[in-house]
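The block underneath contains the structure these notes are about, expressed in structure tokens.
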2 protein chains.
Amino acid sequence: MTELNNFFKSAFTVDNVIFGFDEGDLKVLLIKRGEEPFKNRWALPGYFVYPNEDLDTAAKRVLEEMTGIRNVFLEQVKTFGAVNRHPFGRVITVAYFSLIRIDNYEVQTSSAVARKAEWHSVSKLKNLPFDHQEILDACFQRLKWMVRYRPVGFELLPNKFTLTELQHLYEAILETELEKRNFRKKILSMNLLIDLDETQEGVAHRPARLYKFDKDKYEQLLADGFNFELKEGKKKMEGVS
Amino acid sequence: MTELNNFFKSAFTVDNVIFGFDEGDLKVLLIKRGEEPFKNRWALPGYFVYPNEDLDTAAKRVLEEMTGIRNVFLEQVKTFGAVNRHPFGRVITVAYFSLIRIDNYEVQTSSAVARKAEWHSVSKLKNLPFDHQEILDACFQRLKWMVRYRPVGFELLPNKFTLTELQHLYEAILETELEKRNFRKKILSMNLLIDLDETQEGVAHRPARLYKFDKDKYEQLLADGFNFELKEGKKKMEGVS
DNA sequence: GCAAAAGTGTTCTCGGTACACCCATGC
DNA sequence: GCATGGGTGTACCGAGAACACTTTTGC
């Protein structure tokens, strides 16, 4: 046991990759660090996990401190534990990603660690401190994957949205272009959208219909063995010898 | 900083779910614990991560201590950190899973922690100690998923195998039945198998052809954007209103 | 009336599914 | 010769892909 005690000298943290979607662009919420290390740098929100706190709980707490909200999509992605990833000692971090509707919530930070929080375009980020770039990349990959197999995209959109908005979201995440008619046909054929019989107002073109995602129906279909699945954009691979 | 030191009191471990395939059955390698807690119980092999050791390295080390082998498929799956999951204190564990060819290696344990190691049928296990059942389930789910989208099944088979063996492997992992002709058509159409022009010997029926997996070709196709994909067994879902 | 985005249908191709019989070997 | 698993082909169907023009609104 005395020997074992040598192992109880590590710390662990959670880091949250919080995705949002705005102006046709996929964003991630970063904080300006108020403490060392990397004081004043933009980084992923995260904090130590308290001794009596489960991992998921810690991730929820960090998310709530950042955004003031609960009950959003949140899922563990991967754990990063390179020996020297943190200058203060051995700290491994469990990365979570979450999806929120940017418009629904004013981002607020009640944490002393963070001076302020701000949305940044995922595609423009590089060289985040610690191994946060690697963490972000891993979460983005996971999102890319997940969006094709689970209807999580709706977590990023307002409750009411147009099909074009939905398509742009998919295009931003998958980093590809989708064909309008086929996309609409596929999405509508799943019967997971409720047509609200409302239209946009005040737009300088033909106003689009508004839809909402039918979560109850999805869950019922899931139980029946339904598989949500969206193919990627362009056709690839021709002529395998 | 003094306050921060309160966080550096945790330990973390890796646990390995080592899958193998034998006699048409998916197996997992368990050790009989030689130490407390849960002494003499069958459990997943795992150990503390050393202070100067990366996570992946630790997972490889544990695997090597168990099986004496290196260079097998090994991937991080999920981290488990419930507050009371370990009786000795706050210990979070990073779960890895790996795939090995049972016949290639004599399982040997050089670890003091493990009295002996043995293969157990995945389907028959329940109530493993700690949260190991949950870990095993998560890894099995991951394997089920992965086997459909990456040609990892071959890691579990001998270098030379028959198509029927391959099919049985998929059936065991996916827990479903597959239709022989369609399975063969699909697999062969991928052009990822090399026909060895050899046949089984000493079997009391028409001997089957032997194949091997063409790893180089797969990697080359991957680079060209090829997607390995296998559908699940039975057709599901009829009549979405 | 013009700019800007919404909305819509058909044809073709490919891959998945369903399904039943003959073949080679050991004993 | 019989038991055992190996091996094969075809017809049908549904989903994805390609593709261009009309509609509705604000200004």
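Below, chain A is the first sequence line, B the second, and so on; all start at residue 1.
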Q: Examine D:dG7: is either OP1 or OP2 under 4.0 Å from a nitrogen or oxygen in the side chain of B:Arg184? Give yes or no.
A: yes

Between the protein and nucleotides 10-12 of chain D, which nitrogen or oxygen pairs are less than 3.5 angstrom apart?
{"unit_1": "D:dT10", "atom_1": "O4", "unit_2": "B:Lys185", "atom_2": "NZ", "d": "2.9"}

Q. Salt bridge (Lys or Arg N to Asp or Glu O under 4.0 Å) with A:Lys186: which residues, sequence neighbours excluded?
A. none

**Q.** Length of the CG-C1' vector between A:Leu166 and C:dA6, whole Å
**A.** 15 Å

Q) Starting at CG of B:Leu178 and ending at C1' of D:dG5, how long is that distance when rounded to a whole Å? A) 17 Å

Q.
Any carboxylate oxygen within less than 4.0 angstrom of a Lys/Arg side-chain nitrogen, looking at B:Glu65 and B:Arg61?
A. yes

Q. Any side-chain heavy atom of B:Thr162 within less than 4.5 Å of one from B:Thr199?
A. no

Q: Sort and list the pairs that fulfil salt bridge (charged side-chain N to carboxylate O under 4.0 Å, His left out) and have at least one residue in residues 189-198 of chain A, not counting sequence neighbours.
A: A:Lys160-A:Glu198, A:Asp195-A:Arg209, A:Asp197-A:Arg209

Q | Atom pair distance, as rounded to whole Å: CD in B:Glu229 and P in D:dG16 | A | 11 Å

Q) Listed by chain and number, what are the side-chain hydrogen bond (donor to acceptor under 3.5 Å, both in side chains) partners of B:Asn127, not counting sequence neighbours? A) none

(Q) I want to check one thing: is the phosphate of C:dA6, taken as OP1 and OP2, less than 4.0 Å away from some side-chain N or O of A:Thr164? (A) yes

Q. Taking NZ, NE, NH1 and NH2 as the nitrogens, is one of them in B:Arg150 or B:Glu155 under 4.0 Å from a carboxylate oxygen of the other?
A. no

**Q.** Separation of atom NE2 in B:His168 from atom C1' in D:dG6, rounded to whole Å
**A.** 11 Å

Q) Under the criterion ring pair (Phe, Tyr, Trp, His ring centres under 6.0 Å), which of B:Phe213, B:Phe21, B:Tyr211 is the partner of B:Phe154? A) B:Phe213

Q. Does OP1 or OP2 of D:dG16 have a side-chain N or O of A:Lys186 closer than 4.0 Å?
A. yes

**Q.** Between C1' of C:dA6 and CG of A:Leu188, the distance in whole Å
**A.** 13 Å

Q: Could you tell me the separation between the CZ atom of B:Phe226 and the P atom of C:dG15, rounded to a whole number of Å?
A: 11 Å

Q | Value in whole Å for how far the C1' atom of D:dT8 lies from CZ of B:Phe183 | A | 16 Å

Q) Tell me, which of residues 195-208 of chain A have any heavy atom that sits under 4.0 Å from an atom in DNA chain D? A) A:Val203, A:Ala204, A:His205, A:Arg206, A:Pro207

Q: Begin from the C-alpha positions of A:Asn227 and A:Tyr149 and carry the test side chain to side chain donor-acceptor pair (under 3.5 Å) through to its verdict.
A: CA-CA 7 Å; A:Asn227 282 322; A:Tyr149 297 102; over 6 Å; no

Q. Do A:Lys180 and C:dG7 share a donor-acceptor pair, side chain to base, under 3.5 Å?
A. yes

Q | Nucleotide D:dA17, atom P - distance to CD of A:Glu177 in whole Å | A | 15 Å

Q. OP1, OP2 of D:dA18 versus side-chain N and O of A:Arg181: anything below 4.0 Å?
A. no

Q: Quick one: list whatever passes side-chain hydrogen bond (donor to acceptor under 3.5 Å, both in side chains) with B:Glu171, sequence neighbours left out.
A: B:Gln167, B:His168

